[in-house]
Amino acid sequence: MVRVRFAPSPTGYLHVGGARTALYNFLYARRYGGQFILRIEDTDLERSTEEAMRMQIADLKWLGILWDEGPHPESLQDLGPHGPYRQSHRKDIYRQYAERLVDEGRAYYDFRTDSELEAIKEKLIASEKPPQIEAPAQIVPPAEARERISRGEPGAIRFRVAEKRDYFVQDLVRGEVRFPSDMVGDFVLVRSNGMPVYNFCCVIDDALMKITHVFRAEEHLSNTLRQMMIYEALKFPLPQFGHLSFILGPDKQKLSKRHGATSCNDFRLRGYLPEALNNFILLSGWSSPDGREILSRDEQIQLFTHERFNPAPAVFDETKLLWMNATYLRALPTEELWARVEPFLREAGLQLPQVENVAWREQTLSAFKTSMQTLADAVPLYRLLDDSAFSVKPEAQEVCAWPEAKKVWQAWLQELRAFPGEKLSEADFLALQDRVKDLAGVKGKHLFQPIRVAVIGQPQGTEVKLLVPMMKKSSLIARAEKL
RNA sequence: GUCCCCAUCGUCUAGUGGCCUAGGACACCACCCUUUCACGGUGGAUACUGGGGUUCAAAUCCCCAUGGGGACGCCA
């Protein structure tokens, strides 16, 4: 049974890198009919917040990455038999294992102060040795140590790196990786404030939650050595590891805030579709066997295997994401697309009198979607239909200066006023345009462009024969009168 | 500094010794469609970091160099 997890630390919005790790784990679980667990790694009390945890959960939901065990997406109550799923709620569990290691001599209490440890490190560096902490000559016996701790004295628990030897992992992404044990000194398991550290919690949780495969970012590769030592000391079975390469910014540095939009929430706000972002990050470090790029969730699940991970880091290219978003957006059924676009239009405060008309939505959206790459692109397009926002744009200057323009506008207005109906169909418009042509004695672009300016105030955009049927005659007249 | 990871078009990537005069996608350029702008269609330019091996044969295996990234925390 495959059991995988995503274990974010709640210190901000969900990052695209984190989203990718979550997606890969999720797909892997679905591919092999296993379970996907969400675990919150909030042992850093300084930086973790409840608010950030909610944001991350909201982002995962938005992406459609749902978990079988973990905090309930709404209530945040533990869901599943291996809880609690927040590390800050598992302190006692960690403590128990730490004490066990102390009793077995695999770990020891360390009452040395920060400044003492600092001095030791400096001395090591001065003598050109790696600055690794080792056990003091005299270790405080467990009983005495516990006595001192219970009196409130601050003391940490350190793991004792016992023997010098090489550790090997068969990494699912990188193949065999060798770690010499002297890469690390005796490392802290439990802080002197009683809170255990990441490497320790991670091992205990993964073991207790029966995690079989750990797919995580490459930054954890060297942590794996420490974790392997803990697994060994606790006699826990080792899961399979797969270390995913980084997602980088255009400058090949690790993607961060200064690269602009990097959180899922940023992309949501900018009008990206979750399915497009999903599909895009999927392809940043993984490829499909047949080279196809646009893949439905079902296809993703069916094709997802660890053999197709790319060990090299990937640069995040928003241009391609934009293309992919446009592709998904245009493929959406109109009513669905409308549901996604509508919040952006509302946010922009546009006044669109026919907004309740389903046929009008269909008509406008199918005309506009070829010029949209993001949902936010709908706003300037629909603004053209808002009478209160109508104005002759600076780009129209040249057309307005044509001597033919005034003649065309005059005829246009005259014909509009004479038109019997309330709205013009495409055929009505074409016929009317013909009469304007005869009346003004103008043809070609000198006819066409002034009419466009009369309709939307600018010389370029969607075809006029599609635009005119979107508006009421009264709007068209009002606009023409403003020229 | 020490250790670890990585290296194919500008970018995402295919490639697991002969199918590679290196394939696809985005972006770019040209043309077509089009009385504008998009969409769409067709075509084009562009890459195996360098040097040594191994082999009849290397983008592919090995070594070295170079470059990039990561870890070396009582952060995760």
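In the text below, chain A, chain B and the rest are named by the order of the sequence lines, each starting its count at 1.
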Since syn is defined as within 90° of 0, does C39(B) count as syn or as anti?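 Because its glycosidic torsion lies within 90° of 0, C39(B) adopts the syn conformation.
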Between [N] and [M], how far apart are the two [atom1] atoms, rounded to whole Å?
N	M	atom1	answer
C9(B)	A65(B)	P	23 Å
U11(B)	G17(B)	C1'	29 Å
C75(B)	G15(B)	C1'	39 Å
G44(B)	C6(B)	P	36 Å
C37(B)	G51(B)	P	48 Å
C64(B)	U46(B)	C1'	30 Å
U16(B)	A25(B)	C1'	22 Å
C5(B)	C62(B)	P	13 Å

Is there a Watson-Crick or G-U wobble partner for [N] with both distances under 3.5 Å, and if so, which one is it?
N	result
C9(B)	none
G17(B)	none
C72(B)	G1(B)
U34(B)	none
A59(B)	none

Identify whether any heavy atom of [X] sits under 4.0 Å from a base atom; if not, whether one sits that close to sugar-phosphate; answer base, sugar-phosphate or nothing.
X	result
N223(A)	base
E463(A)	base
Y198(A)	base
V184(A)	nothing
R292(A)	nothing
R112(A)	base
T43(A)	sugar-phosphate
H243(A)	nothing
R174(A)	sugar-phosphate
K445(A)	base

For this session: Enumerate the residue pairs fulfilling side-chain hydrogen bond (donor to acceptor under 3.5 Å, both in side chains) with a member in residues 5-16 of chain A, sequence neighbours excluded, ordered by first and then second residue.
Result: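 Output for this query lists R5(A)-D206(A), Y13(A)-N265(A).
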Send over the distance from [X] [atom1] to [N] [atom2], rounded to a whole Å.
X	N	atom1	atom2	result
D110(A)	G73(B)	CG	P	14 Å
K121(A)	G73(B)	NZ	P	5 Å
L365(A)	A38(B)	CG	P	20 Å
L225(A)	G73(B)	CG	P	13 Å
F200(A)	C74(B)	CZ	C1'	14 Å
N278(A)	C12(B)	CG	C1'	17 Å
F179(A)	G70(B)	CZ	P	17 Å
F246(A)	G70(B)	CZ	P	6 Å

Item to complete: Give a yes or no on whether the ring-centroid distance for Y24(A) and F6(A) is below 6.0 angstrom.
Response: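 When the ring centroids of Y24(A) and F6(A) are compared, they turn out to be at least 6.0 Å apart.
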Ring center gap for F168(A) and F241(A) short of 6.0 angstrom: no
Worksheet item: So, the side chain of R95(A) versus the backbone of P196(A): is there a donor-acceptor pair under 3.5 Å, distance only?
Response: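 Side chain of R95(A) to backbone of P196(A), a donor-acceptor pair under 3.5 Å: no, none is there.
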Check your understanding: Is Q96(A) atom CD crowded by more than 12 heavy atoms from other residues, nucleotides or ligands, each under 6.0 Å away?
Key -> yes
For E134(A), is the CD atom crowded, meaning more than 12 foreign heavy atoms sit under 6.0 Å from it?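 Counting neighbours around CD of E134(A), 12 or fewer heavy atoms of other residues, nucleotides or ligands fall under 6.0 Å, so no.
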If you compare all heavy atoms of V408(A) against all heavy atoms of V436(A), which two are closest, and at what distance to 0.1 Å?
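Distance-wise, the nearest heavy atoms are O-CG1, 3.9 Å.
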Ring pair (Phe, Tyr, Trp, His ring centres under 6.0 Å) with W286(A): of F215(A), F304(A), Y28(A), F280(A), only one passes, and it is F304(A)
Heteroatom pairs (N/O) under 3.5 angstrom, protein to nucleotides 20-27 of chain B:
from	atom 1	to	atom 2	distance (Å)
G24(B)	N2	E293(A)	OE2	3.2
A25(B)	O2'	E293(A)	OE1	2.5
A25(B)	O2'	K320(A)	NZ	3.4
A25(B)	N3	K320(A)	NZ	3.0

Which nucleotide wins on minimum distance to the side chain of [X], given the candidates [options]?
X	options	value
E219(A)	C6(B), G70(B), A14(B)	G70(B)
T370(A)	A76(B), A38(B), C74(B)	A38(B)
R178(A)	C39(B), C4(B), C74(B)	C4(B)
E218(A)	C5(B), G40(B), A76(B)	C5(B)

ask   = Going by heavy atoms in the side chains, are F179(A) and V169(A) under 4.5 Å from each other?
value =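 The answer is yes; the side chains approach within 4.5 Å.
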- Classify the side chain of S192(A) versus the base of C74(B) as yes if they form a donor-acceptor pair under 3.5 Å and no if they do not.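 By the distance-only test, yes, there is a pair.
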Identify whether NZ of Lys or CZ of Arg in R165(A) sits under 6.0 Å from the centre of the six-membered ring of Y167(A) and within 45° of that ring's axis.
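Yes - R165(A) lies over the ring of Y167(A), closer than 6.0 Å to its centre and within 45° of its axis.
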